[in-house]
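First comes the structure, then the notes that go with it.
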Amino acid sequence: MDKNSYAPIQDYGIIGNCKTTALVHREGSIDYFCYPRFDSPSIFAKLLDNEKGGSFSILPKIAITKVDQSYLLDTNVLLTRFFSDEHTIDIIDFMPCSEDFADPNQLIRIVKPIRGNATFSFELDLRPDYARSKGNYNKQSEYSFQCKIDADNADYIGFTSNRKLFEADEIIKTFSLDEGQVALFVLGETTNLKDDLNEYVSKILEGTVCFWRDWISNCQYEGSFADHVRRSALTLKLLTSSEFGSTVAAATFSLPEKIGGSRNYDYRFTWIRDAAFSMYAFMRMGFFSEAESFMRWIHKCIEDNLNGEIDLQIMYRIDGTRDLEEKEIDLEGYKDSKPVRIGNKATEQLQLDIFGELLDTVYLFDKYGEPITFSFWKHIEQLLEFVCKNWNSADHGIWEVREEKRHYLYTRVMCWVALDRAIRIVRKRSFPTDLERWIKNKNLIHKDIYENFWNEELNSFVHFKGASTVDSALLIMPLVHFISPYDEKWLSTLKVIEDQLVSDVLVYRNMDDKIPLKNKEVEGTFLVGAFWYVECLARGGQLEKATHYFQKLLGYGNHLGLFAEEMDLSGRHLGNFPQAFTHLGLISAAFNLHRQKHRANYTIDSSYDLF
């Protein structure tokens, strides 16, 4: 298959219902959809195999002059509009959502010619179980059918419409609408639909719009970049399970970090790290119920995994189960990027930094949300004992390097954070514990970082012991208050990061001990690192530069304000999409820019050249 036949990753919008998501191309094709959960097998996966992945395409047969795609204001309801000299056509895509999340698990498409009559191509190609089976339709009427999606459990997905779907027992290839007519298509749980489909869809669309607008109305950000912050918040909410309270790292699996490369992983799971950062973002915006639900989820995970030994995985399925066996499946891969993987082998890795992100979230929830319980705290103590015993161990690091373990600076800093936040909680809540042991280890970590991760020749901290280069993960140091953003050692480190890793406003990560800008075989830039960079500038008083860089960085988002995990220098999105980590980085940077502008008394650079 020609690589050019694949649409750019940034050409997609996302819809969802806090149970699962789908990606809708800007010209009306649904090319990715897992059902019934985020981590369920795909129904549509054309994004990963243009030939056999499956999709649901509706396209007007008109001389298109313009296509526009946007969200209905403050919602996750997607509107795609087609224009020609004689036509204006709307397609609305959404998944029903309400306060109690009791709506049927459905994907709904509404097609309406606003101006002019039109004929549409109609291609419905269901390929259940990662396209390992061909969708066999069980016709129920001229307007509905079911398709088996699980051979073992005999699960079905339904499809119904207010239009006839069959011609001589074959699915239609086209349909026509007069101006003002509406075609409705419902995929998912359809067994209990009312007879009047128009009334049902109208009512549930109205309820879904109200739900999203009511939810986002609680956002407490009031800065200059409200539209982008609100879109990122809505995206994070889409990626958060209403049933379990966990947040998936991204909507997709196996989109490549480099075209034609092999780093293609499944991100439809809950990383402790990413979810903890997401809860920080939710709390910053005032969404404490999401943080509360996550705390219940993580409490259960900790209870289930502390059986005399610490066996806390770095990630889990959204329901908290541990089975994430990694498999390679027979799909071509996006632009022939192989292998295509489901599951994630990184669960076997040691990543000590997760204790820092988790304790930072617990600390903030206890401070701004609600007091944590003593029973939960007793479990946390066991985790801290593990940190005290193991902080000096090598691990696989935040970037999950599979080849070897190293002593990473990011890991050390986050172990320090774990103990620092625990000490703060104990001093506030007066929990009985061995505080001196934690203080001693916290100080030992601090000493170890300054003695073993500082490179005098480079005049910078380095990203692992013995390295001569830096990594974007070092940008976390002032953000977690390990070091002052005005400290000379930090400012010299930031200068090295800019020299080695920054291009325009994009920032590379460093998986090894190479300078990415001098290595032509690198992956794309890592977008959360770019937002961390902006936040470091803001915290260090470089507000003009930070604001300008942030505005330029937002320009790399797609037409809907969505971001993938990575991006190459041409602006092409790479990796799984949309990525929670990137969007929470955007939120954090925006909040700190706003805060620093209202509290800064001086800046390092009072002015900044715009070119």
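- Of the options Tyr130, Phe38, Tyr334, Phe269, a ring-ring contact (aromatic ring centres under 6.0 Å, His included) to Phe253 is made by Tyr130 and by none of the others.
- With sequence neighbours excluded, the residues forming a ring pair (Phe, Tyr, Trp, His ring centres under 6.0 Å) with Trp215 are Phe287, listed by chain and number.
- The backbone N or O of Asp266 lies less than 3.5 Å from a partner atom in the side chain of Asn344, making a donor-acceptor pair.
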Original post:
Would Tyr508 and Glu523 count as a side chain to side chain donor-acceptor pair (under 3.5 Å) if you check the C-alpha gap in whole Å, the side-chain angles of each, and the deciding distance to 0.1 Å?
Top reply: CA-CA 8 Å; Tyr508 285 97; Glu523 60 181 3; over 6 Å; no
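- With sequence neighbours left out, the salt bridge (charged side-chain N to carboxylate O under 4.0 Å, His left out) criterion links Glu400 to no other residue.
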**OP:** I would like to know whether Trp297 and Phe244 meet ring-ring contact (aromatic ring centres under 6.0 Å, His included); could you show each step before the answer?
**Re:** CA-CA 6 Å; Trp297 181 86; Phe244 302 108; 8.8 Å; no
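- Residue pairs that meet the salt bridge (charged side-chain N to carboxylate O under 4.0 Å, His left out) test with at least one member in residues 338-350, sequence neighbours left out, are Glu326-Arg341, Asp336-Lys338.
- The two residues Ala131 and Lys52 make their nearest non-hydrogen contact at CB-O, 3.3 Å.
- Asp353 and Thr411 share no donor-acceptor pair across their side chains, judged by distance under 3.5 Å alone.
- At least one side-chain heavy atom of Arg412 sits less than 4.5 Å from a side-chain heavy atom of Phe453.
- The minimum heavy-atom distance between Thr361 and Ala276, with the atom names listed, is OG1-O, 2.9 Å.
- In this structure, Tyr408 and His463 have tilted ring planes: the angle between them lies in the 30° to 60° band.
- Side-chain atoms of Glu535 and Asn592 form a donor-acceptor pair, as typed in the model, at a separation below 3.5 Å.
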**OP:** Apply side chain to side chain donor-acceptor pair (under 3.5 Å) to the pair His559 and Gln69, showing each step before the final yes or no.
**Re:** CA-CA 8 Å; His559 59 290; Gln69 192 177 62; 2.7 Å; yes
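- Between Tyr12 and Phe577, the distance separating the two ring centers is not shorter than 6.0 angstrom.
- Partners of Tyr533 according to the side-chain hydrogen bond (donor to acceptor under 3.5 Å, both in side chains) rule, which considers only residues two or more places apart in sequence or in another chain, are Glu498.
- Sparse packing is recorded around NZ of Lys495, with 12 or fewer heavy atoms of other residues, nucleotides or ligands lying under 6.0 Å away.
- With 3.5 Å as the limit, one finds a donor-acceptor pair spanning the side chains of Tyr267 and Glu565.
- Under the 4.5 Å side-chain criterion, counting only non-hydrogen atoms from C-beta, Thr547 is not in contact with Val534.
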**OP:** Take Thr347 and Gln313 through the side chain to side chain donor-acceptor pair (under 3.5 Å) test and state the conclusion after the steps.
**Re:** CA-CA 6 Å; Thr347 53; Gln313 290 186 171; 5.0 Å; no
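- Minimum heavy-atom separation, Ala346 to Ile314: O-CD1, 3.2 Å.
- A salt bridge links Asp39 with Arg317: the distance from a Lys NZ or Arg NE/NH1/NH2 to an Asp or Glu carboxylate oxygen falls below 4.0 Å.
- Judged purely by distance below 3.5 Å, without hydrogens or angles, the side chains of Trp399 and Asn510 never pair a donor atom with an acceptor atom.
- For the pair Asn455 (side chain) and Asn459 (backbone), a donor-acceptor distance under 3.5 Å is absent.
- Side chains of Ser337 and Asn264: no donor on one and acceptor on the other come within 3.5 Å.
- Residue pairs meeting the salt bridge (charged side-chain N to carboxylate O under 4.0 Å, His left out) criterion with at least one partner in residues 356-365, sequence neighbours excluded, are Arg273-Glu357, Asp360-Arg421.
- For the pair Ile216 and Leu234, the minimum side-chain heavy-atom distance is below 4.5 Å.
- Between Phe44 and Arg127 the shortest side-chain heavy-atom distance does not fall below 4.5 Å.
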Original post:
Is there a side chain to side chain donor-acceptor pair (under 3.5 Å) between Asp323 and Tyr316 once you walk through the steps?
Top reply: CA-CA 8 Å; Asp323 179 21; Tyr316 294 86; over 6 Å; no
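- For His396 and Arg402, the side-chain atoms include no donor-acceptor pair closer than 3.5 Å.
- For His407 and Phe464, the gap between ring centers reaches or exceeds 6.0 Å.
- Atom CZ of Phe94 is separated from atom CD1 of Ile15 by 9.0 Å, given to the nearest 0.5 angstrom.
- Put simply, the side chain of Met279 reaches to within 4.5 Å of the side chain of Thr247, judged on heavy atoms.
- Rounded to the nearest 0.5 Å, atoms CG (Asp471) and OH (Tyr410) are 10.5 Å apart.
- Checking Thr321 against Asp319 by side-chain atom types alone, a donor-acceptor pair falls below 3.5 Å.
- Pairs of residues two or more places apart, or lying in two chains, that qualify as salt bridge (charged side-chain N to carboxylate O under 4.0 Å, His left out) and include a residue from residues 15-35 are Asp11-Arg26.
- Taking the six-membered ring for Trp and the full ring otherwise, Phe550 and Phe225 have centroids separated by under 6.0 Å.
- Side chains of Tyr280 and Arg284: a donor on one and an acceptor on the other come within 3.5 Å.
- Looking at Asn576 and Thr252, their side chains do bring a donor and an acceptor atom within 3.5 Å of each other.
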